Amino acid sequence: MDKKKVAVPLVCHGHSRPVVDLFYSPVTPDGFFLISASKDSSPMLRNGETGDWIGTFEGHKGAVWSCCLDTSALRAASGSADFSAKLWDALTGDELHSFEHKHIVRACTFSEDTHLLLTGGVEKILRIFDLNRPDAPPREVDNSPGSIRTVAWLHSDQTILSSCTDIGGVRLWDVRSGKIVQTLETKSPVTSAEVSRDGRYITTADGSTVKFWDANHFGLVKSYDMPCNVESASLEPKLGNKFVAGGEDMWIHVFDFHTGEQIGCNKGHHGPVHCLRFSPGGESYASGSEDGTIRIWQLGPASHDENDSVPANGPTGKVEVSADDVAQKIEGFHISGEGKTTEKENATDA
C-alpha cells in the first residue's frame with residue numbers, strides 16, 4: 001500500500017484538558033505569539049511560528065474559556081469559569097489584575113487601541129473595563145438576549161460584536177449608545193466569530209455552516225455548507241482566498257473562499273476541533289482540540305509520510321526552549337515543572 005503524502009503539523013503538548021480557544025498576536029518586533037485557553041485552567045503562551053512553549057499563566061481556579069493578547073503582545077487576558085477575567089503581563093507571566101464577575105466568563109478581547117477589555121459570559125452582560133483605571137467599575141452594555149459565547153471589536157472600537165450560546169445570530173452593538181444596531185441572522189448559535197485583519201469580513205461558524213458577512217454594511221457575502229457541524233472557522237488574512245473550518249469530525253478542512261470548494265483536509269487530532277486561527281501572515285494556522293493538543297499546520301502542503309509528526313521544538317523532541325529565543329521575551333516568566341511543548345516519544349532519539 002502506498003503511503004499517502006499529507007501535511008504534517010507541529011504538535012504542541014502541555015495542556016492536560018481540552019483546548020477551547022486560540023489567539024495570535026499581530027507581528028511584533030519580537031515575532032508573533034500564540035496564546036491558548038484550556039479547561040485545565042492555565043493559559044499558555046507560545047512562539048507563534050515554532051509552537052515552542054514560552055510560559056504558563058497561573059492563577060485561575062477553573063476552566064479558561066477565552067484568551068487574547070494585546071496588539072504589542074505585552075499583555076494577555078483570559079476569561080474563566082472561576083467567575084473572573086484576568087489581565088496578565090505577557091513578559092513576566094505576572095497577574096496584573098483580576099476582574100471579578102458574578103458568573104462564568106466565556107469571552108474576552110482587547111480593544112484595538114488596547115486601553116479597554118471587553119468581557120461577556122453567562123451573566124448576559126457585556127462589560128467594558130478601562131485598563132488605565134482597572135479598579136474603576138466597568139461600563140455595562142445593555143443586556144444580551146442570551147448567554148454570551150463570543151465577543152469582538154470592530155470599526156475602530158466603535159462597534160461590539162457578540163454571539164450567544166443558546167440562540168442564533170450575531171448582534172452588533174453601538175458602543176456609544178449601548179444598543180443593538182444590527183443582528184446577523186443564523187439558524188444555529190454562532191460558536192465562532194472572527195473579524196478579518198483588514199476589517200472587511202466577519203467570519204462565523206454556526207451549526208454546519210460557515211458564513212462571511214460584510215463588516216461595514218452587514219450583508220451576507222457567502223454561505224457554505226460544511227461536511228459536519230463546525231465549531232470554528234478562520235479566513236486567511238493576507239489574500240483572503242482560503243478559509244479553514246473544523247469541528248466534530250476531528251478534521252481541519254481547507255476551502256477556496258470564492259467557490260467553497262474543499263481544497264485540503266488535515267487529519268491528526270483525536271477529538272473534536274474546538275478552535276482554529278490563522279497566523280497573522282497567513283502562512284500557517286493553529287487548531288485546538290478536545291484531545292488537549294494544539295497543532296500548527298503550514299498552509300502550503302508539505303510532503304511527508306502519513307502519521308509522521310514534528311514536535312514543536314524541532315526534530316529532536318527536547319522539551320527545553322532555546323534560551324536565546326526566550327530571553328528577549330520572557331525574563332522572569334513563571335515556568336512550572338511539567339513538560340510543555342513537544343512529543344516526548346521522540347526524545348530518546350536525541
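The analysis underlying the following values was restricted to heavy atoms, covering all of them including side chains, and did not include hydrogens, waters or symmetry mates. Positions are given from 1, in the same order as the sequence printed here. All of these numbers come straight from a predicted model, not from anything done at the bench.
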State, with a plain yes or no, whether a side-chain heavy atom of [X] is found less than 4.5 Å away from one of [Y].
| X | Y | result |
| --- | --- | --- |
| Arg197 | Pro26 | yes |
| Ile148 | Leu126 | yes |
| Thr209 | Lys187 | no |
| Arg106 | Val151 | no |
| Ile54 | Met44 | no |
| Glu58 | Glu95 | no |
| Glu231 | Val273 | no |
| Arg171 | Pro145 | yes |

query: Any salt bridge between Lys179 and Asp174, counting N to O under 4.0 Å?
result: no

- request: Considering only NZ, NE, NH1 and NH2 on the basic side and carboxylate oxygens on the acidic side, decide whether Asp89 and Arg75 come within less than 4.0 Å.
  value: no

Regarding [X] and [Y], is there a side-chain donor-to-acceptor distance under 3.5 Å anywhere?
| X | Y | answer |
| --- | --- | --- |
| His115 | Asp157 | no |
| Ser156 | Trp153 | no |
| Ser42 | His60 | no |
| His274 | Glu290 | yes |
| Thr28 | Asp30 | no |
| Trp88 | Ser78 | yes |
| Thr204 | Asp206 | no |

query: Which other residues end up in the same hydrophobic cluster as Met250, if Ile, Leu, Val, Met, Phe, Trp and Tyr are linked when side-chain heavy atoms come under 4.5 Å apart?
result: Trp251

task: With rounding to the nearest 0.5 Å, note down the distance linking CD1 in Ile35 to SG in Cys68.
output: 7.0 Å

[X]-[Y] co-clustered via ILVMFWY side chain contacts under 4.5 Å:
| X | Y | value |
| --- | --- | --- |
| Leu131 | Ile128 | no |
| Phe218 | Trp213 | yes |
| Leu10 | Val19 | yes |
| Leu154 | Val141 | no |
| Phe83 | Val122 | yes |

- prompt: Heavy-atom count around Lys238 NZ within 6.0 Å, excluding the residue itself: above 12?
  reply: no

query: Counting only heavy atoms not in Glu49, do more than 12 sit closer than 6.0 Å to its CD atom?
result: no

- prompt: Where does the angle between the aromatic ring planes of Tyr224 and Phe212 fall among parallel (under 30°), tilted (30 to 60°) and perpendicular (over 60°)?
  reply: perpendicular

message: Set out, in order, the CA-CA distance, both residues' side-chain angles and the distance that settles side chain to side chain donor-acceptor pair (under 3.5 Å) for Asn266 and His253, then state yes or no.
response: CA-CA 6 Å; Asn266 290 325; His253 302 270; over 6 Å; no

Reference residue Thr150; test side-chain hydrogen bond (donor to acceptor under 3.5 Å, both in side chains); the match among Ser163, Ser192, Ser162: Ser163

message: Can you give me the closest heavy-atom contact between Ala245 and Leu276, atom names plus distance?
response: C-CD1, 3.2 Å

- request: Can you spot which of Tyr285, Trp297, Tyr24, Phe243 makes a ring-ring contact (aromatic ring centres under 6.0 Å, His included) with Phe278?
  value: Tyr285

Check whether [X] reaches the backbone of [Y] with its side chain - one donor and one acceptor, N or O, closer than 3.5 Å.
| X | Y | answer |
| --- | --- | --- |
| Ser84 | Lys86 | no |
| Ser66 | Cys108 | yes |
| Thr183 | Glu185 | no |
| Ser208 | Asn229 | no |
| Ser284 | Ile296 | no |

message: Please enumerate all residues that pass side chain to side chain donor-acceptor pair (under 3.5 Å) together with Ser196, with sequence neighbours excluded.
response: Asp198

message: If you apply the rule side chain to side chain donor-acceptor pair (under 3.5 Å), what do you find for Thr114 with Glu112, and how did you get there?
response: CA-CA 5 Å; Thr114 75; Glu112 207 177 304; over 6 Å; no

message: Suppose the criterion is ring pair (Phe, Tyr, Trp, His ring centres under 6.0 Å): which pairs have a residue in residues 158-203, not counting sequence neighbours?
response: Tyr201-Phe257

message: Between Phe99 and His101, is the ring pair (Phe, Tyr, Trp, His ring centres under 6.0 Å) condition met? List the steps.
response: CA-CA 7 Å; Phe99 300 102; His101 293 64; 7.7 Å; no

message: Is there a side-chain contact (heavy atoms from CB on, under 4.5 Å) between Arg46 and Ile294? Walk through the geometry before answering.
response: CA-CA 11 Å; Arg46 295 177 186 276; Ile294 299 160; 3.7 Å; yes

